[in-house]
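Only one structure is covered here, and it is reproduced in the block below.
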Amino acid sequence: MVHMKGKALAGSLLATMALLAAGCGGGGSTSKGGTATVPADPSAVSGDIKVLTQRTDLVQDGTMKKYAAEFSKLYPKVRVTFEGITDYEGEVKIRMNTSNYGDVLMIPAAIKTDDYPKFFASLGSAEELGKKYTFTGKATVGGKVYGIANFANAAGFVYNKAVWRQAGVTAWPTTPDAFLADLKAVKAKTSATPYYTNYKDGWPLTAWTSVQGAATCDAKAADEPATDPDPWRAGTDLNVGDTLLYTIVHDKLSEQDPTTTNWENSKNLLATGKIATMWLGSWSIVQMQDAAKKAGRDPSEIGYMPFPSQKNGTFCTPVAPDYQEAVNVHSKNKAAARAWIDWFTDKSGYVQTNQAVPTLKGGPLPSALKPFQDAGVRFVEMSQAQSAKVTRIDNQSEIGMTDKPEYRQHLIDVARGAAGGDLPGIFAGLAKKWANAQKTAAL
C-alpha cells in the first residue's frame, strides 16, 4: 500500500522534555519504562533505530535515505534504517505479538486504542501535545499521547480534468445524482472508464468510510457509530456514500471486471486518461501527478473534487489524520526514535512534498487543495473522541468499517450481479451486526 493517507518545539515543551530526559540518564538514548522523550541537545541523542513504513516506493527509490541523511545533520549520533512493508496492516499486526516491530512504526488500525500503552511509549501529555498538533485525541489514553500523525487527509475524488472536460463537464457536481449523470457523460463521450473501484487490492475501498462528514458536514459523524445502532440508516454519510458506490457499479460506470484491478497501474491509467475518477484521500494527488509526469502528461490535469453534496450551498470535505507514528515500547533507543518522529513531522518537508494537510498547527494547506479554498469548501476537522469505542465495536462486529475492504467488495459484487441480494439487504445486515456488537462491546 502506498499512501499515506517545520517549526521548533515550543519552549515549554522543550523544557519539559529536557527535564524528563535528564532523569533518564546522561545520554538520553534510552528512556525508562514506557516514555519516549528527547533532550534539548540533539548531540546527546544516540543509537540505531529502524523505521517501519508502508511507503515501499520511497524506500526503494532512495527517498527515505535522503531524509535520513538530512536528519543525521541534526542528530549525528543516530543511525536510521527503513523497512518498507507492502501488506503493512497484515504483517505488522502479526509482528506485534513479539517485541520485534521496529523502533518507529505507524499504528495499525486494528490495534485497540485502549491497548496502546501495551505496545507504544508515551510521547507526552495530551495537554501539551494538543497545543502543537491536531488530532492527538485519536491516540490519547489516560491523558497521554501514544502517536502523532505526520499529516491529515482531506476526502474527495481525484480525477482527470481533461477527461471530464471532454465529457462536457466543467463544474463540480453538487448532488450524487448529478455526479452519476456526469459519469454517464464520461462514458458516452470519451473512451475512459468513468470510475475505478480498485476492488482487487481492496484497501482503497476503505477510503469510502472517510465519506463520514462529507454529506452531513457533521464534525462528529465518525463518532456517532459509537452510539448509533444503525450507522447505515437513511440520511447518514455512510448510507449516502455506499449508495453512490453501489449505483456507480450497478449502472456499469466502473471497470468491466473489478477482480482484475491493479492499484499501481491505476495511477498511470488515471494520469493518462484511461480512467476518469477515483475516491481517495488527498494523499493520492501527488502520486497521480507523479504518474502523469512519468507518462509525459501534464500533472496539472490531475484534479481533486469534494463529495457531490452541499449543505446550505457549501461543499464540505472531512479532514482526518493519516497513520500515527509511534515508538515501540520495547525500543532500546526511545529518545532517538522520538527525535525521528518530531523531526520528520515538523522539519523534514515530507508533508509539503506530498501535498498533505499538516497536523502541525499553523501549517499551510497544500497548493493541491487551493481549488477547495477558492471554491469556499468547508474543511471539517473530524472529531476522534469516540474512535476507540468505534474501533472496539467494529472489531467485535467483524465488519471492518475502518480498515477492511470485504463489506464493500461484497457490495460491489451484489451491484454487478456476481452475488445475490440488494442494497437494502446489505444495509440491514450491516446494521444487525453493528447493533449486536454494540451490545457485546458494552459488556
Q) Among side-chain atoms of Asp394 and Thr402, is any donor-acceptor pair under 3.5 angstrom? A) yes
Q: May I ask you to decide if the ring planes of Trp263 and Trp203 are parallel, tilted or perpendicular, using 30° and 60° as cut-offs?
A: perpendicular
Q: Say whether Tyr323 and Asn150, considering side chains only, have a donor N or O and an acceptor N or O under 3.5 Å apart.
A: no
Q: Mind listing the closest non-hydrogen atom pair of Thr359 and Phe151 along with its distance?
A: CG2-C, 3.4 Å
Q | Nearest heavy atoms of Ala221 and Asp237, plus distance in Å | A | CB-OD2, 3.5 Å
(Q) Is any side-chain heavy atom of Glu83 closer than 4.5 Å to one of Leu52? (A) yes
Q. Taking the six-membered ring for Trp, are Tyr159 and Tyr304 ring centroids under 6.0 Å apart?
A. no
Q: Say whether Asp61 and Thr63, considering side chains only, have a donor N or O and an acceptor N or O under 3.5 Å apart.
A: yes
Q) Do NZ/NE/NH1/NH2 and the carboxylate oxygens of Lys370 and Asp374 come within less than 4.0 Å? A) yes
Q: Give, for atom CD1 of Ile393 and atom CG of Asn395, the distance between the pair rounded to the nearest 0.5 Å.
A: 10.5 Å
Q | Non-hydrogen side-chain atoms of Ile426 and Asp422 separated by less than 4.5 Å | A | no
Q. Would you call Glu325 and Arg338 a salt bridge, taking side-chain N to carboxylate O under 4.0 Å as the test?
A. no
Q. Between Thr345 and Tyr350, is a side-chain contact (heavy atoms from CB on, under 4.5 Å) present by the stated rule, with each step listed?
A. CA-CA 8 Å; Thr345 304; Tyr350 177 84; over 6 Å; no
Q | Minimum-distance pair of heavy atoms, taken over all atoms of Lys200 and Gln409 | A | O-NE2, 4.3 Å
Q) Do the side chains of Leu205 and Asn198 get nearer than 4.5 Å, heavy atoms only? A) no
Q) Can you tell if the side chain of Tyr196 reaches within under 4.5 Å of the side chain of Ser254, non-hydrogen atoms only? A) no
Q. Which is it for Ser331 and Asn333 under the side-chain hydrogen bond (donor to acceptor under 3.5 Å, both in side chains) test, yes or no, and what are the steps along the way?
A. CA-CA 5 Å; Ser331 173; Asn333 293 305; 5.6 Å; no
Q.
I'd like to know if Asp103 pairs up with Lys332 as an ion pair, taking the criterion as any Lys NZ or Arg NE/NH1/NH2 lying under 4.0 Å from an Asp or Glu carboxylate oxygen.
A. no
**Q.** Min side-chain heavy-atom separation Gln54-Met106 under 4.5 Å
**A.** yes
Q: Starting from the C-alpha separation in whole Å, work towards a yes-or-no answer on ring pair (Phe, Tyr, Trp, His ring centres under 6.0 Å) for Phe179 and Phe157.
A: CA-CA 11 Å; Phe179 182 81; Phe157 287 98; 4.5 Å; yes
Q) Looking at OH of Tyr101 and NZ of Lys50, how far apart are the two atoms once the value is rounded to the nearest 0.5 Å? A) 14.5 Å
**Q.** Student check: side-chain heavy atoms of Leu105 and Phe120 closer than 4.5 Å
**A.** yes
Q | Option among Lys161, Arg165, Gln289 that satisfies the side chain to side chain donor-acceptor pair (under 3.5 Å) test with Glu301 | A | Arg165
Q) Going through the distances and angles, do Lys118 and Asp115 end up as a salt bridge (Lys or Arg N to Asp or Glu O under 4.0 Å)? A) CA-CA 5 Å; Lys118 299 178 185 177; Asp115 288 340; 3.2 Å; yes
Q.
Do Asp177 and Thr175 pair up side chain to side chain, a donor and an acceptor below 3.5 Å, judged on atom types alone?
A. no
(Q) Side chains of Ser348 and Glu70: any donor to acceptor distance under 3.5 Å? (A) no
Q) Between Asp114 and Lys112, is the closest basic N to carboxylate O distance under 4.0 Å? A) no
Q) Side chains of Asn354 and Trp283: is there a donor and an acceptor less than 3.5 Å apart? A) no
Q.
Could you go through Ile412 and Val249, starting from their C-alpha distance and side-chain angles, then the distance that decides it, and tell me whether this counts as side-chain contact (heavy atoms from CB on, under 4.5 Å)?
A. CA-CA 6 Å; Ile412 289 171; Val249 177; 4.0 Å; yes
Q | Point-to-point distance, once rounded to the nearest 0.5 Å, from SG of Cys316 to CG of Asp218 | A | 10.0 Å
(Q) So which atom in Trp434 and which in Pro229 form the shortest heavy-atom distance, rounded to 0.1 Å? (A) CD1-O, 4.0 Å
Q. Stepwise, does the side-chain hydrogen bond (donor to acceptor under 3.5 Å, both in side chains) test hold for Glu255 with Thr197?
A. CA-CA 7 Å; Glu255 69 281 347; Thr197 66; 2.4 Å; yes
Q) So, Thr277 versus Trp164: side-chain donor-acceptor pair below 3.5 Å or not? A) yes
Q | Any side-chain heavy-atom pair of Val163 and Val186 under 4.5 Å | A | yes
Q) Rounded to the nearest 0.5 Å, how far does CG of Asn153 lie from CD of Gln355? A) 12.5 Å
**Q.** salt_bridge(Arg95, Glu91) N-O dist < 4.0 Å
**A.** yes
Q: Determine whether the side chains of Arg416 and Tyr246 contain a donor N or O and an acceptor N or O closer than 3.5 Å.
A: no
Q. Gln438 and Pro225: which non-hydrogen atoms are nearest, and at how many Å?
A. NE2-O, 3.1 Å
**Q.** Atom pair CH2/OH of Trp343 and Tyr67 - distance to nearest 0.5 Å
**A.** 7.5 Å
Q: For Val357 and Ala154, work out which heavy atoms get closest and say how close.
A: CG2-N, 4.3 Å
Q: Please test Trp172 against Gln310 for side-chain contact (heavy atoms from CB on, under 4.5 Å), starting from the C-alpha separation and ending with a verdict.
A: CA-CA 11 Å; Trp172 292 337; Gln310 291 187 331; over 6 Å; no
Q: I would like to know whether Thr174 and Phe315 meet side-chain contact (heavy atoms from CB on, under 4.5 Å); could you show each step before the answer?
A: CA-CA 8 Å; Thr174 59; Phe315 287 109; 3.8 Å; yes
Q) Does the side chain of Trp279 reach to within under 4.5 Å of the side chain of Leu244, using non-hydrogen atoms? A) no
Q) Out of curiosity, Lys138 NZ to Ser383 OG, how far, rounded to the nearest 0.5 Å? A) 10.5 Å
Q: Run the ring-centre check on Phe71 versus Trp340 and record whether the distance is less than 6.0 Å.
A: yes
